[in-house]
Amino acid sequence: MLSRIHQFRRTLLIPLTPQILTPPTSLIFTETSVSAANLTIDEEPTTTTTTTFLSSPSDIISGILAGLKGLGSVKSFRRDHQFRNLFLSLSSAQIEGIIDSLRTENAELAIELFYLLRNDYGCKHSRVSQFLIAHILAGKRRPKALRSLLQHVVQEEGCGSAPSLCELLCDGFRDWNSNCTVWDMLAFAYSRIEMVHDALFVIAKMKDLSVQASVVTYNSLLHNLRHTDIMWDVYSEMKTTGIPQSEHTNSILIDGLCSQSLIQEAVSFLRETRRVEPKPSIVSFNTLMSGFCKMGCVDVAKSFFCLMFKSGLLPDAYSYNIIIHGLCVAGSMEEALELMNDMEKHGIDPDVVTYNILAKGFRLLGMMSGAWTIIHQMLHKGLTPDNFTYTILICGHCQTGNIEEGFKLHKEMLSGGLQSSNISYSVLFSSFCKSGRVDEALSLLYEMETVGLKPDVVMYSILIHGLCKQGDVQRAIQLYKEMCSQRIFPNSFARGAILQGLCEKGTISEARMYFDTVVNSDLVEDIVLYNIMIDRYAKLGNIGETVQLYKQIIERGISPSIVTFNSLVYGFCKTRRLAEARRWLDAVDIYGLVPNAVTYTTLMNAFCERGNIQAMFELLREMEARAVEPTHVTFTVLIKGLCKQRKLQESVGLLKDMFAKGLSPDSVSYNTIIQCFCKAQDTKKAFELHSEMLLHNLQPDHVTYNILINGLCVYGDLKDADRLFSSLRDKNIRLTKVAYTTLIKAHCVKGDVEKARRLFCQMVELGFEISIRDYSAVINRLCKRCFINEAKIFLHMMLSQGVSLDQQICSVMLDAFHLVGDLNSMLELLAEMIKCGLDPG
DNA sequence: TTAGGGTTAG
């Protein structure tokens, strides 16, 4: 304790004169002078509570004050460590004292010092210091700076801080000159960051003190309360206190009514105000038109144009843009373009916003060429594209799959000096991740930081999900931690992505451990996380855990969703307990949920697999009776059912029905039916369907090709299969191991062992993972046809690749050796078996 | 008045 006092006394005795506080360019804190750098303080001096700034300054403060006043400015001390250390060693009360003293003598210096400490030295100011500066700024009529300062204060203090801040203003600053301005700005600041209750508290306190809030503050409050009825309480308070309304007040109220879908009331309100003020503001009309457009009533919105003219008001660019936007959203591009012409005729030049709206209209219709035409018109008019323009184009290109063009525009935007936004980065992130280019998305994440943008939780979630999807769960977890360290709180999406990643790439116990940690320790009641976990267990056929987790949901009072039930239905189907699956489908009603197409399709598929086609169609009828619309997956299951019954024409008919219903069959739909035709030995029709796919712009996938190759191998001509295989390879179409093994097996059967061997070697060279099953498939077939030497070649190949023998393959080979009387090979193999620990008996 | 993105079920 003594040493602390001693130290403290030393700080008080430091002579801090203008000679010491000189700009860092000269020699400051020279060796001979006592400097702040020499100071060592074990602990911060005790911080005294409020209003200490009114007490008389201590010696050290006097020294510092003298020094500061001599300097006149502290701007050049931004990077001065010694100056910084000196101030960081002061207590809040001491800083308050300094600011308060400077306030009267050199207010500018007080402001400068305040921001230097906060922005450059990272010092967290006390509430008193902040209010002192607030009063200085208010007195100097610097509303922008005052607003920014108080917004910073309330942001830091957080929700529910109004009572204590009000108390401080009441106790410490009661009769200060600029107190009214500070009070009003405090209320405004709370309102601006949507801490409405705090704002209302400040206003109530102001009323007690007979301090009137400004119309701007009231308007902001009305704006934030526009979704609620409290809006009207505030409005009537405004009227009773006699605060004159601004032209915005009415339009905010109209906006409020529109946002509550009380559009008729909004119209009536406008009529009312017209009686009082015959020429309402154009903003009110625009707000009302926007309200109608948002409800999809563009025609009604347009009719307000006449009313505006009648009221002696001329529509402005906003008015036109609102209607043009409404038309674009409705897809009426022609009319939107006409209105732009009208606009020009009325002497209002379309602005960047008009062109952006139109460009987006074309983008929404997938018509990027139309979007470009608009942009060219805009350039022709001498207007400069802004970041909205670029974002629309980037988004459009990314959505039509042209990431390269999108990325090019992104770079162009940056090099053109435009500030990019989280929005355009999000679009790029998402597109890169969707096309498996997560690394490029990640490098953009780091680029963002260099342009001063901070990724948000959604952007992190996109990347985490992308990493998980490509199996990089470890990197995903790393990124997740990075996000947390940036104090960005993970939400359902980010957690869901990690859990999904662990489920797919890790073990179920790893996933469960993560799940339990999140669900139990973070008190997260997230049905999505439960759904992911339940679905995993269902997929694995672990019905016990599936039901257990369902019970946990109910016990914890969490509402299950239809997804929960769909996974349960799946689990019971998977374990072939169809009657129970049906009961789970019925249980959906208890929670006020409605089974959807997925619920029905899951059960229908299970009946189809069981060969109970009748039950499948009964479910379809039930679906229709309950007005649950079947999807393309439902139809695919139906097609599968019909195929099982060999009703080929009917299944083709269903395919046609799908198109008629506006449902697009996917590759699975086609694959199902193509396979059916192959099995019926109608490869011609199978290939016709393949062409039909291409005609519908549907890319056949590797399964389609496996089916066709297999069809030709088994039911057609092997030469055709070879030709198809080669042509696909020449076209660089991705083929899987199945395509190779199908063809290899066919060549083994047909006796072209050399061809089979060549293909097998190619398959190995391509790096496919070859299992004992692949070798068995070949060796079994060769042995069956007594190609013993050839079988031996494959056996050696297998052993040299490090694939171990198994009982089945040995017994097939031994039988074959026995059949041809190859005793040596038999003994050799028996010895090998003993080495492998297999039973030679 | 104009730009955007993410999770779970068949």
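FYI, side chains are in, hydrogens and waters are out, and symmetry mates aren't considered; it's all heavy atoms of this structure. In what follows, chains are A, B, ... by sequence order, proteins preceding strands, each numbered from 1.
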Answer yes or no: is there an ion pair linking [X] with [Y], defined by an N-O contact shorter than 4.0 Å?
{"X": "A/D351", "Y": "A/K381", "value": "no"}
{"X": "A/E624", "Y": "A/R621", "value": "no"}
{"X": "A/R582", "Y": "A/E622", "value": "yes"}

Discussion item. For A/Q486 and A/Y460, which I'm curious about, is there any donor-acceptor pair between the side chains at under 3.5 Å?
Written reply: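 No - no donor-acceptor pair under 3.5 Å links their side chains.
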Worksheet item: Distance only, no hydrogens: is a donor on one side chain within 3.5 Å (strictly under) of an acceptor on the other, for A/N531 and A/N566?
Response: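 Distance-only check fails for A/N531 and A/N566.
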Discussion item. Would A/R495 pass as a cation-pi partner of A/F489, given that its NZ or CZ must be under 6.0 Å from the six-membered ring centre and within 45 degrees of the axis?
Written reply: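 So A/R495 does make the cation-pi contact.
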Worksheet entry | Neighbours of DNA chain B within residues 573-585 of chain A, by heavy-atom distance under 4.0 Å |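 Per residue number, the list is empty: none.
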Discussion item. If you take any heavy atom closer than 4.0 Å to DNA chain B, which residues from residues 322-341 of chain A end up in contact?
Written reply: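 Residues of residues 322-341 of chain A under 4.0 Å from DNA chain B: A/I322, A/H325.
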Worksheet item: What's the CZ-C1' distance between A/F388 and B/dT2, to the nearest Å?
Response: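 Taking atom C1' of B/dT2 as the reference, CZ of A/F388 is at 6 Å.
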Worksheet item: A/K640 and A/N605: side-chain hydrogen bond (donor to acceptor under 3.5 Å, both in side chains), yes or no, with the steps?
Response: CA-CA 9 Å; A/K640 192 164 77 175; A/N605 185 54; 2.7 Å; yes
Discussion item. Once you apply a heavy-atom cut-off of 4.0 Å, does A/T354 come out as touching a base, just sugar-phosphate, or nothing?
Written reply: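 Here A/T354 touches no strand at all.
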Fill in: Verdict with supporting geometry, A/F292 and A/F304, ring-ring contact (aromatic ring centres under 6.0 Å, His included)
CA-CA 10 Å; A/F292 275 104; A/F304 278 90; 5.5 Å; yes
Practice prompt. Output yes when a side-chain donor or acceptor of A/N520 lies under 3.5 Å from a complementary backbone atom of A/D516, and no otherwise.
Written response: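 Side chain of A/N520 to backbone of A/D516: a pair is present.
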Worksheet item: What distance do A/L393 atom CG and A/L409 atom CG have between them, rounded to the nearest 0.5 Å?
Response: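 If I round to the nearest 0.5 Å, the distance is 5.5 Å.
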Worksheet item: What string of B, S and - do you get for nucleotides 4-10 of chain B, 5' to 3', when a contact is any protein heavy atom under 4.0 Å?
Response: BBBBBBB
